[in-house]
Amino acid sequence: MTKPRPMQLVTLTLLALGLTAAPLLAQGKTFKVGVPLPLTGAEAKFGEMEKQAYEMALDEINAKGGVKGTKLALDIQDSGGKPETATAIVEKFITIDKYPIVVGEYSSQCSYAVAGVAEKYKVPYLVVTGAADKITQQGWKNVYRLNPPASLYNLGVFNFFENVAKPKTIAILYENTDFGTSTSKAMKEYCDAHGVNVVLSEGYQAGGVDFKPILQKVKSLRPDIVYMVSYLMDASLLMRQSKELDLNPQAFIGGGAGHTLPEFLQNAAEASEYCMSATLWTPQVKYPGAKEFFDNFKKKFDKEPDYHGVEAYAAAYVLADTLKRAKSFTADDIRTALAETNMMTAFGPVKFVSWGQFTNQNRMDTLVLQVINRKFETVWPKEGASAKYVFPAPHWRDRK
Amino acid sequence: MSPQVAGQLELLGQVLISGILLGGLYSLIGLGMSLIMGVMKIINLAHGELMMVAMYITFWAFTLAMIDPYVSLLIVFPLMFLLGVSVQKFLLTPVMEADTVLPQNQVLLTVGLGLVLSNLALLLFTANYRSVPVSYASKTIYWDLKLGGQTISLSFSYPFLLAFGIAGVLGASLFLFLAKTDTGRMIRATAQDKRAAALMGINTKRITYITFGLGAALVGAAGALLDPVYYLYPQIGGPFTNKAFVITILGGLGDIPGAVLGGLVLGLAESLGSVYISLGYKDAFGFIIFVLVLIFMPRGLLGRGRA
């Protein structure tokens with residue numbers, strides 16, 4: 001059953017207010033960018049982190065004089081993590097507020113919906129965290145993506161498989177969302193092509209209380225690797241319940257998202273130890289500004305940012321850079337400038353390229369991290385590693 | 001017996017154990033809703049949100065005062081009872097008495113209440129996911145069973161087992177309360193026929209307060225028991241309201257033993273379905289049974305509820 005949410009009413013009210021206020025704001029020396037984000041609903045945690053990161057970046061940019069003497073401002077609106085709400089917000093951004101560029105959203109579902117709207121109105125849209133492959137596989141000319149597509153999240157893990165793990169069997173559990181399906185599909189295709197036997201591949205509905213039945217089934221199949229694509233709390237529960245069942249593969253590997261968040265360490269506690277995960281970014285990467293971002297964010301908001309935070313932070317810098325190079329603040333000129341982006345950010349190098357089915361897609365290396373002594377350590381590739389990997393992981397019953 | 005057969009038996013045994021233990025918690029969630037349904041004749045669509053409130057009380061009691069979730073039941077139960085009584089007294093009763101509000105629209109008030117509660121929690125406690133990291137969260141009791149020369153190793157999660165036991169005690173206490181005490185009899189009388197109960201001198205208004213209070217306290221207890229094994233965030237209520245609704249229909253509207261059975265059936269359906277059919281459709285199994293029961297047994301599994 002879907003219930004109407006009060007935030008929708010608030011949004012409507014704001015919409016009505018926005019109608020009257022928009023012409024007034026346009027006269028000031030600020031440039032406004034529309035950003036839909038999930039500030040309520042199950043994804044609100046990520047929406048909030050991204051909002052803080054955007055605002056932090058903007059404060060820094062504006063403190064240095066903004067763009068060509070114009071201050072940047074974000075019009076962040078709550079989508080509740082629902083594609084239909086995100087669509088409505090962006091329709092309003094483009095047709096009523098006349099914003100010439102749209103940035104943001106969190107989930108793949110919402111980003112995909114927003115991308116469709118942006119393409120329809122020929123307004124450039126910078127995707128920041130939505131990872132499903134299909135978003136940049138439509139041949140859309142107005143959609144640019146900062147983060148790598150889900151199928152490439154695993155590059156680091158594949159490399160680790162070839163050089164270290166050399167698994168024979170694998171069990172795959174994934175959340176049946178766009179992100180989970182894309183990431184696990186890429187893993188499955190890799191395994192099929194490289195002679196790794198996929199003994200089980202099951203999608204699940206997020207938010208389950210008890211995963212023990214399926215984990216027991218995994219246990220009975222004795223795979224070398226258990227690969228999971230989960231959001232935050234499912235990731236913790238899966239690990240805790242694996243420990244309860246004494247399920248002992250050579251390694252538990254997460255596909256990013258849930259297994260890379262600071263909360264994972266707290267919630268899964270000792271069950272998180274030695275769990276590995278694909279990740280896009282850690283504070284240990286060598287990109288300029290990465291460590292500063294991490295430290296400043298932690299100081300300012302009293303919590304650790306993960307790669308979603310740095311993606312938003314980098315997106316704000318890409319935006320500022322694009323606007324600096326744009327001939328004018330119209331959708332066409334901004335699109336041209338965005339396409340020519342070639343810069344370094346705290347998240348990594350950003351350059352939009354097209355290959356295979358992908359268009360306007362940023363491409364970058366991905367890493368593997370592992371929880372060692374209840375801390376995230378970068379363990380692969382070796383060159384950037386902050387600690388040596390522990391593989392195979394010791395059995396639960398053998399640990400202290 | 002071959003190792004393969006033993007492996008399959010072990011899987012089946014583990015799945016049944018998981019299903020029944022989870023079902024015990026579900027039953028407790030369903031009991032409260034069924035009780036409210038029986039007396040007030042409305043579905044309380046803020047049921048899951050009430051549970052969320054209890055989960056936050058337990059969380060804060062643990063975080064701020066290091067009170068164990070099971071001990072905090074002693075705080076949660078009375079607090080949730082008071083909350084339930086206030087909701088009935090100040091929100092539901094005035095609406096139920098207004099002739100201009102159609103009876104089916106009273107349900108909408110509970111929807112609104114749920115939204116207010118979850119958004120209030122969002123405002124006060126932020127959207128962060130929390131958990132209650134008790135030391136025994138993943139403690140497990142193993143039971144090795146020798147069968148035909150093979151060993152079948154079954155594991156029982158300690159917090160789930162404890163939750164099941166407490167849920168059982170609470171359920172049994174509710175039966176005794178309804179069967180043996182004067183107040184319990186008055187609740188049953190009001191559920192059977194409100195007007196006749198009033199004519200017999202029962203203060204039915206007071207009974208509705210007590211009933212809603214009890215319903216809230218029961219689901220609150222379920223929330224406290226769920227905390228060590230699950231996690232909490234402001235919007236956690238919705239899915240559990242749905243589950244409670246399914247359980248109540250399975251059991252038959254207002255049928256208390258039926259709600260217990262409904263909870264167990266839902267727990268088993270989810271757990272068996274996720275292994276032997278498909279994990280992705282886990283939530284669908286409950287609803288499939290729900291629809292089948294509505295079509296073929298509209299008075300619930302025990303055939304005693306209202307159609």
Side-chain angles (χ1 to χ4, degrees), chain A residues 1-7 10 38-49 80-81 173-176 200 202-205 207-217 219-222 231-234 236-237 239-246 261 263 266-271 303 396, chain B residues 7-8 10-11 13-15 17-19 21-22 25-26 45 111-112 114-116 118-119 122 126-131 133 135 137-140 142 153 155 157-158 160 226 229-236 238-239 241-242 245 267 270-276 278-284:
Chain A
M1 237 182 296
T2 48
K3 299 182 239 171
R5 306 204 170 234
M7 283 317 290
V10 175
L39 299 175
T40 55
E43 293 155 7
K45 191 200 123 50
F46 302 99
E48 191 185 75
M49 183 198 286
L173 293 173
Y174 60 95
E175 188 186 276
N176 53 6
L200 175 137
E202 283 264 16
Y204 68 85
Q205 192 90 40
V209 181
D210 195 0
F211 290 105
K212 269 174 281 179
I214 194 70
L215 288 170
Q216 181 69 34
K217 192 171 167 185
K219 189 180 174 185
S220 70
L221 298 167
R222 299 179 191 284
Y231 279 111
L232 178 57
M233 300 315 286
D234 295 322
S236 305
L237 280 189
M239 289 311 296
R240 260 160 52 176
Q241 295 178 356
S242 295
K243 178 169 180 274
E244 273 175 43
L245 288 177
D246 200 29
L261 303 177
E263 286 86 349
Q266 292 156 23
N267 292 324
E270 71 272 17
K303 65 178 180 195
W396 296 110
Chain B
Q8 283 304 317
E10 183 174 295
L11 178 60
Q14 196 63 54
V15 170
I17 291 167
S18 290
L21 291 183
L22 186 62
L25 267 176
Y26 283 174
L45 290 177
V111 175
L115 286 173
V116 169
S118 63
N119 282 285
L122 186 67
T126 75
N128 275 354
Y129 291 90
R130 325 260 190 168
S131 65
S135 54
S138 46
K139 197 172 156 191
T140 313
Y142 297 96
S153 171
S155 72
S157 156
Y158 179 75
F160 263 112
L226 204 53
V229 287
Y230 202 49
Y231 50 88
L232 58 158
Y233 60 99
Q235 259 95 7
I236 197 170
T241 303
N242 288 351
F245 186 57
E270 283 188 0
S271 139
L272 284 168
S274 69
V275 166
Y276 293 108
S278 164
L279 186 59
Y281 299 107
K282 186 174 173 227
D283 288 347

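Each chain gets a letter, A, B and so on, in the order its sequence line appears, and its residues count up from 1.
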Under a 4.5 Å heavy-atom cut-off, does chain A meet the side chain of B:Leu25, its backbone, both or neither? neither
With a 4.5 Å heavy-atom cut-off, do B:Tyr231 and A:Asp234 have their side chains touching? yes
Kindly compute the distance separating OG (B:Ser271) from CG (A:Asp210), expressed to the nearest 0.5 Å. 7.0 Å
To the nearest 0.5 angstrom, please state how far the CG atom of A:Leu215 sits from the CD atom of B:Gln14. 10.0 Å
Can you say whether A:Gln216 sits under 4.5 Å from chain B via the side chain, the backbone, both, or neither, judging by heavy atoms? both
Stepwise side-chain contact (heavy atoms from CB on, under 4.5 Å) check, A:Lys219 with B:Leu11: CA-CA 9 Å; A:Lys219 189 180 174 185; B:Leu11 178 60; over 6 Å; no
Rounded distance (nearest 0.5 Å) linking atom CG of A:Leu245 with atom OG of B:Ser18: 7.0 Å
Give the member of A:Lys243, A:Arg240, A:Lys303 that has the highest number of heavy-atom pairs under 4.5 Å with chain B. A:Arg240
The interface call for A:Asn176 against chain B, heavy-atom contacts under 4.5 Å, is side chain
A:Val209 to B:Tyr230 - nearest heavy-atom pair and separation: CA-CE1, 3.5 Å
Closest heavy-atom pair and its distance - B:Phe160, A:Lys212: CD1-NZ, 3.5 Å
Sort A:Leu39 into side chain, backbone, both or neither according to what part of it lies under 4.5 angstrom from a heavy atom of chain B. backbone
Short side-chain to backbone donor-acceptor contact, A:Lys217 and B:Val275, under 3.5 Å: yes
Which atom of A:Met233 lies closest to which atom of B:Arg130, heavy atoms considered: CE-O, 4.2 Å
Mind checking whether B:Tyr129 and A:Lys45 have side chains closer than 4.5 Å, heavy atoms only? yes
A:Glu202 to B:Ser274 - nearest heavy-atom pair and separation: OE2-O, 4.5 Å
Need one label for A:Leu237: side chain, backbone, both or neither, based on atoms under 4.5 Å from any heavy atom in chain B. side chain
Which portion of B:Ser131 sits near chain A, non-hydrogen atoms under 4.5 angstrom: both
Quick one: what part of B:Ser157 sits under 4.5 Å from any heavy atom of chain A, side chain, backbone, both or neither? both
Nearest heavy-atom neighbours spanning B:Val15 and A:Pro213: CG2-CB, 4.0 Å
Using non-hydrogen atoms only, which part of A:Glu270 is less than 4.5 Å away from chain B: side chain, backbone, both, or neither? side chain
Nearest heavy-atom pair of B:Leu122 and A:Thr40: which atoms, and what distance? CD2-CG2, 3.3 Å
Chain B: which of A:Gly208, A:Ala271, A:Ala269 shares the most heavy-atom pairs with it under 4.5 Å? A:Gly208
